[in-house]
Amino acid sequence: MRFARRMEFGPGPNVDLEREGVYARFAAGPRARRTLIPELCLDKTFHIVTFGCQMNVGDSDWLARALIARGWRQVDERDAWLFVVNTCSVRDKPEQKVYSELGRLLTHQRGKPGLTAAVGGCVAQQIGKGFFDRFPFVRLVFGSDGVAGAPDALDRLAEDPSARIALLDFLAAYPERQDVLTPVAAAPAFDADQGEPGAGPATQKGQAFVNIMQGCDNFCAYCIVPYTRGRQKSRQPEAVLAECRQRVEQGAREITLLGQNVNSYGLDPSARGGGAGVGFAGLLRQVAAIPGLLRLRFTTSHPKDIDPAVIRAFGELANLCPSLHLPLQAGSDAVLKRMGRKYDRARYLDIVRELRAARPELSLTTDLIVGFPGETEEDFAATLEMMERVRFESSFSFCYSDRPGVAAVRMTPKVEDAVSKARLLRLQSLQNSITKESLKSLEGHEAIVLLEAKSRRQDDGPSFWRGRDEAGRVVNLRLDDVAAAGPEEVGLELAGLLVRARIKEAKNHSLLGEKVGQPW
Ligand code: SAM
Ligand code: SF4
């Protein structure tokens with residue numbers, strides 16, 4: 001019985017595992033292996049838990065598809081032999097969160113002596129092999145450059161029950177990943193952490209996330225990402241385009257291009273060579289031109305790098321969705337300077353003006369931090385004032401938290417927790433009222449909704465569906481007459497279809513629509 005089906009793919013951490021000594025094999029010997037494998041790896045079943053932003057959701061999605069292509073089965077948590085926990089350390093107490101999740105997953109060990117966990121993402125990069133000591137059932141740790149090698153490593157773990165593998169090296173160039181033909185990871189896929197910027201549900205039928213870069217060079221004073229995800233590495237444009245074309249051929253109607261700062265795509269040294277000369281605006285145009293692609297989005301944009309050609313693209317590319325997540329972080333120039341953001345409020349407002357001139361219906365969303373070291377009441381009032389001026393449709397807002405090694409750790413005075421929390425509540429209450437008003441203004445309008453899945457709300461009934469309009473707003477609508485077949489068949493048929501809807505009612509954070517015509 002052999003489980004590993006080696007698939008060759010570009011240079012990546014998997015290639016050098018043993019040579020670089022990062023693949024530690026604590027072999028129990030060939031005899032042990034022969035007896036253990038059939039017993040412990042009854043089938044290659046896995047379940048992925050994802051914390052964090054869309055980059056993590058995208059990584060988990062690729063990993064799930066790669067494992068499925070190798071014969072693994074994605075199953076419900078209680079049936080899984082392998083858990084992959086994809087972690088995020090951007091805020092709060094991430095290690096504790098991961099430890100408690102691993103502790104919870106360990107409760108499934110009864111009757112499954114070979115239960116295995118893999119920990120990926122930022123916390124894996126930070127804690128590394130420390131996980132092996134603390135949780136012996138963790139047998140793989142991988143950072144963001146290790147994702148490409150994770151399927152190979154997991155196959156090896158299935159072959160050798162005594163192996164432990166660490167994929168934590170940062171690589172010089174974007175680690176290209178194996179092409180995976182499986183279009184969509186089967187449900188249940190992810191438990192994306194609620195409330196993260198851009199984190200949405202798992203990839204849905206008809207939608208695809210495509211990475212265009214990894215890491216970040218900006219070193220904003222509060223942010224751990226450049227330390228946990230490494231320096232910026234742009235992916236070659238040919239590889240991005242090939243993946244986008246493939247995803248459209250497989251049925252994706254919407255693509256989201258992903259990176260920590262997509263606007264600086266192509267500017268890093270690792271992009272020179274095959275990708276020389278293609279910046280983000282050029283890439284956007286080439287992807288938008290793929291026949292059959294109906295919706296194109298991207299995230300995240302840093303205001304300091306936004307190119308006039310990208311702003312113009314909002315007026316010129318019909319399939320570029322009218323939505324942009326443009327993190328402001330703070331409304332006070334003094335705070336923005338200390339954060340190292342390299343724009344001020346005047347520049348931010350200019351960008352907003354230009355964007356709205358190019359695409360008047362553009363929906364803007366943002367990220368905001370309150371309680372950054374030294375933030376005064378006046379600074380905070382400037383953030384509220386910017387929110388009023390820009391009228392973001394929604395925002396992700398956070399209390400500042402010290403992250404190990406970042407510059408802001410040494411900045412004083414720290415804002416007291418109680419003050420930060422009170423500011424956050426005021427900010428969120430203002431946001432709620434702006435969100436409500438802007439959703440209300442859509443009542444009576446028509447929207448085209450990309451259907452994602454059945455509504456999560458039990459009381460909505462079986463024929464209620466959730467989807468997103470062109471700007472990414474959640475629209476719930478009843479599909480009674482289309483839902484003639486049984487629930488499962490309907491689920492398979494409708495996800496990924498578009499339907500025209502009239503907006504009947506604005507809820508606090510979503511819209512209630514009424515179908516107009518048939519889905520297509
Ligand atoms: N690359 C994006 C940008 O430049 O805006 C953001 C990426 S970061 C992973 C996501 C968000 O987390 C940030 O926009 C910021 O609002 C928030 N964040 C990052 N570090 C934080 C910290 N130390 N405390 C609170 N919020 C933080
Ligand atoms: Fe973090 Fe700043 Fe890079 Fe965004 S741009 S990932 S906030 S360092």
Side-chain angles (χ1 to χ4, degrees), residues 50-59 86-94 121-123 125-126 144 192-193 195-199 211-234 257-265 267-268 280 298-306 324-331 335-343 348 351 364-375 383 386-387 392 394-411 414-415 417 420-421 423-424 427-428 431:
T50 306
F51 294 103
C53 62
Q54 262 180 344
M55 306 269 320
N56 271 11
V57 175
D59 287 350
N86 203 354
T87 65
C88 171
S89 61
V90 168
R91 283 177 304 279
D92 304 326
K93 298 184 175 69
C122 297
V123 180
Q125 191 75 52
Q126 281 176 293
S144 54
D193 196 13
E196 286 283 346
N211 268 1
I212 65 166
M213 64 213 297
Q214 235 162 246
C216 181
D217 287 347
N218 286 318
F219 292 93
C220 299
Y222 49 82
C223 186
I224 199 167
V225 167
Y227 306 93
T228 55
R229 291 188 171 255
R231 308 306 296 265
Q232 178 176 313
K233 294 179 288 262
S234 297
L257 302 177
L258 293 178
Q260 287 297 347
N261 177 10
V262 291
N263 297 111
S264 62
Y265 171 82
L267 300 179
D268 47 288
F280 182 59
F298 58 86
T299 197
T300 301
S301 280
H302 194 308
K304 87 176 161 64
D305 293 316
I306 199 155
L324 181 66
H325 188 69
L326 192 64
L328 169 65
Q329 311 296 3
V335 174
L336 285 172
K337 190 153 193 211
R338 284 204 303 283
M339 285 178 164
R341 291 289 287 178
K342 301 188 175 70
Y343 54 84
Y348 190 94
I351 297 169
L364 275 172
T365 57
T366 201
D367 290 349
L368 295 160
I369 297 177
V370 299
F372 187 76
E375 184 188 71
T383 299
M386 280 293 273
M387 290 175 71
F392 297 108
S394 67
S395 57
F396 294 99
S397 46
F398 316 100
C399 287
Y400 167 80
S401 69
D402 268 345
R403 307 280 76 224
V406 306
V409 169
R410 297 182 303 277
M411 293 182 184
K414 298 289 185 210
V415 176
D417 270 6
S420 286
K421 283 185 184 141
R423 286 181 188 166
L424 189 67
L427 185 151
Q428 289 177 341
Q431 182 61 67

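In each ligand, atom 1 is the first atom listed, and ligand 1 is the first ligand listed. Source: prediction; values computed, not measured.
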A.B. asks: Which bit of Ile369 gets closer than 4.0 Å to ligand 1, counting heavy atoms only: side chain, backbone, both or neither?
C.D. replies: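 Just the side chain.
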
A.B. asks: Grab the two heavy atoms, one from Leu328 and one from Leu336, that are nearest each other, plus how far apart they are.
C.D. replies: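 Looks like O-CD2, 3.4 Å.
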
A.B. asks: Does any N/O atom on His302 come nearer than 3.5 Å to any N/O atom on ligand 1?
C.D. replies: no

A.B. asks: Please test Arg91 against Tyr222 for side-chain hydrogen bond (donor to acceptor under 3.5 Å, both in side chains), starting from the C-alpha separation and ending with a verdict.
C.D. replies: CA-CA 10 Å; Arg91 283 177 304 279; Tyr222 49 82; over 6 Å; no

A.B. asks: Closest heavy-atom contact between Ser420 and Gly371?
C.D. replies: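 Minimum heavy-atom separation between Ser420 and Gly371: OG-CA, 3.4 Å.
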
A.B. asks: When you compare ligand 1 with Tyr222, is there at least one nitrogen or oxygen pair between them that comes in under 3.5 angstrom?
C.D. replies: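 Between Tyr222 and ligand 1 (N or O atoms, distance only) the closest approach is under 3.5 Å.
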
A.B. asks: Of the options Ser394, Ser395, Ser397, which is the one that meets Thr366 in a side-chain contact (heavy atoms from CB on, under 4.5 Å)?
C.D. replies: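 Single side-chain contact (heavy atoms from CB on, under 4.5 Å) partner of Thr366 among Ser394, Ser395, Ser397: Ser395.
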
A.B. asks: Could you say whether the N/O atoms of Gln329 and ligand 1 ever approach to under 3.5 Å?
C.D. replies: yes

A.B. asks: Test your reading of the structure: does Thr300 have an N or O sitting under 3.5 Å from an N or O of ligand 1?
C.D. replies: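 There is no such contact.
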
A.B. asks: Do any nitrogen or oxygen atoms of Asp367 come within less than 3.5 Å of a nitrogen or oxygen of ligand 1?
C.D. replies: yes

A.B. asks: Below 4.0 angstrom from a heavy atom of Arg341, which ligand 1 atoms are there? Numbered from 1 as shown, please.
C.D. replies: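 Those atoms are 3 (C), 4 (O), 5 (O).
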
A.B. asks: Of the options Tyr343, Tyr265, Phe280, which is the one that meets His302 in a ring pair (Phe, Tyr, Trp, His ring centres under 6.0 Å)?
C.D. replies: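 Running ring pair (Phe, Tyr, Trp, His ring centres under 6.0 Å) over Tyr343, Tyr265, Phe280 with His302 returns exactly one hit, Tyr343.
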
A.B. asks: For Val225, take its heavy atoms, then give the atoms of ligand 1 lying under 4.0 Å from any of them.
C.D. replies: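 Result: 9 (C).
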
A.B. asks: Return the set of residues passing side-chain hydrogen bond (donor to acceptor under 3.5 Å, both in side chains) with Ser301 (not counting sequence neighbours), or none when no residue passes.
C.D. replies: Asn263

A.B. asks: Could you walk me through whether Ser89 and Gln126 pass the side-chain contact (heavy atoms from CB on, under 4.5 Å) check?
C.D. replies: CA-CA 9 Å; Ser89 61; Gln126 281 176 293; 3.2 Å; yes

A.B. asks: Number the atoms of ligand 2 from 1 as they appear, then name those within less than 4.0 Å of a heavy atom of His302, with their elements.
C.D. replies: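 In order of numbering, the contacting atoms are 5 (S).
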
A.B. asks: Per the side-chain contact (heavy atoms from CB on, under 4.5 Å) rule, which among Ile306, Thr299, Thr300 passes with Leu324?
C.D. replies: Ile306

A.B. asks: Could you work out, for atom 1 (N) of ligand 1, the closest of His325, Gln260, Met55 by heavy-atom distance?
C.D. replies: Gln260

A.B. asks: Please identify which of these residues, Leu427, Val335, Val370, meets the side-chain contact (heavy atoms from CB on, under 4.5 Å) condition with Thr383.
C.D. replies: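 Considering Leu427, Val335, Val370, a side-chain contact (heavy atoms from CB on, under 4.5 Å) with Thr383 is found only for Leu427.
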
A.B. asks: Tell me whether ligand 1 is touched by Cys88 - counting only heavy atoms on the residue side and a distance under 4.0 Å.
C.D. replies: no

A.B. asks: Kindly confirm or rule out an N or O of Ser301 lying under 3.5 angstrom from an N or O of ligand 1.
C.D. replies: no

A.B. asks: With a cut-off of 4.0 Å, which atoms of ligand 2 are near a heavy atom of Arg341?
C.D. replies: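 Near Arg341, meaning under 4.0 Å from one of its heavy atoms, ligand 2 has 2 (Fe), 7 (S).
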
A.B. asks: Using a strict cut-off of 2.8 Å, how many protein N/O/S atoms surround atom 1 (Fe) of ligand 2?
C.D. replies: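 My tally for this metal is 1.
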
A.B. asks: Search all heavy atoms of Cys220 against all heavy atoms of Arg341 and return the closest pair with its distance.
C.D. replies: SG-NH1, 3.4 Å

A.B. asks: Should Gln232 and Ser264 be marked as a side-chain hydrogen bond (donor to acceptor under 3.5 Å, both in side chains) after you check the CA-CA gap, both sets of side-chain angles, and the distance that decides it?
C.D. replies: CA-CA 9 Å; Gln232 178 176 313; Ser264 62; 2.7 Å; yes

A.B. asks: Atom CG in Asn211, atom CD in Gln260: separation rounded to 0.5 Å?
C.D. replies: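 Result: 10.0 Å between the selected atoms.
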
A.B. asks: Please confirm whether Cys53 approaches ligand 1 to less than 4.0 Å, judged on its heavy atoms.
C.D. replies: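 Distance cut 4.0 Å: Cys53 fails for ligand 1.
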
A.B. asks: Hey, what do you get for CG (Leu257) to CD1 (Ile212), rounding to the nearest 0.5 Å?
C.D. replies: 5.5 Å

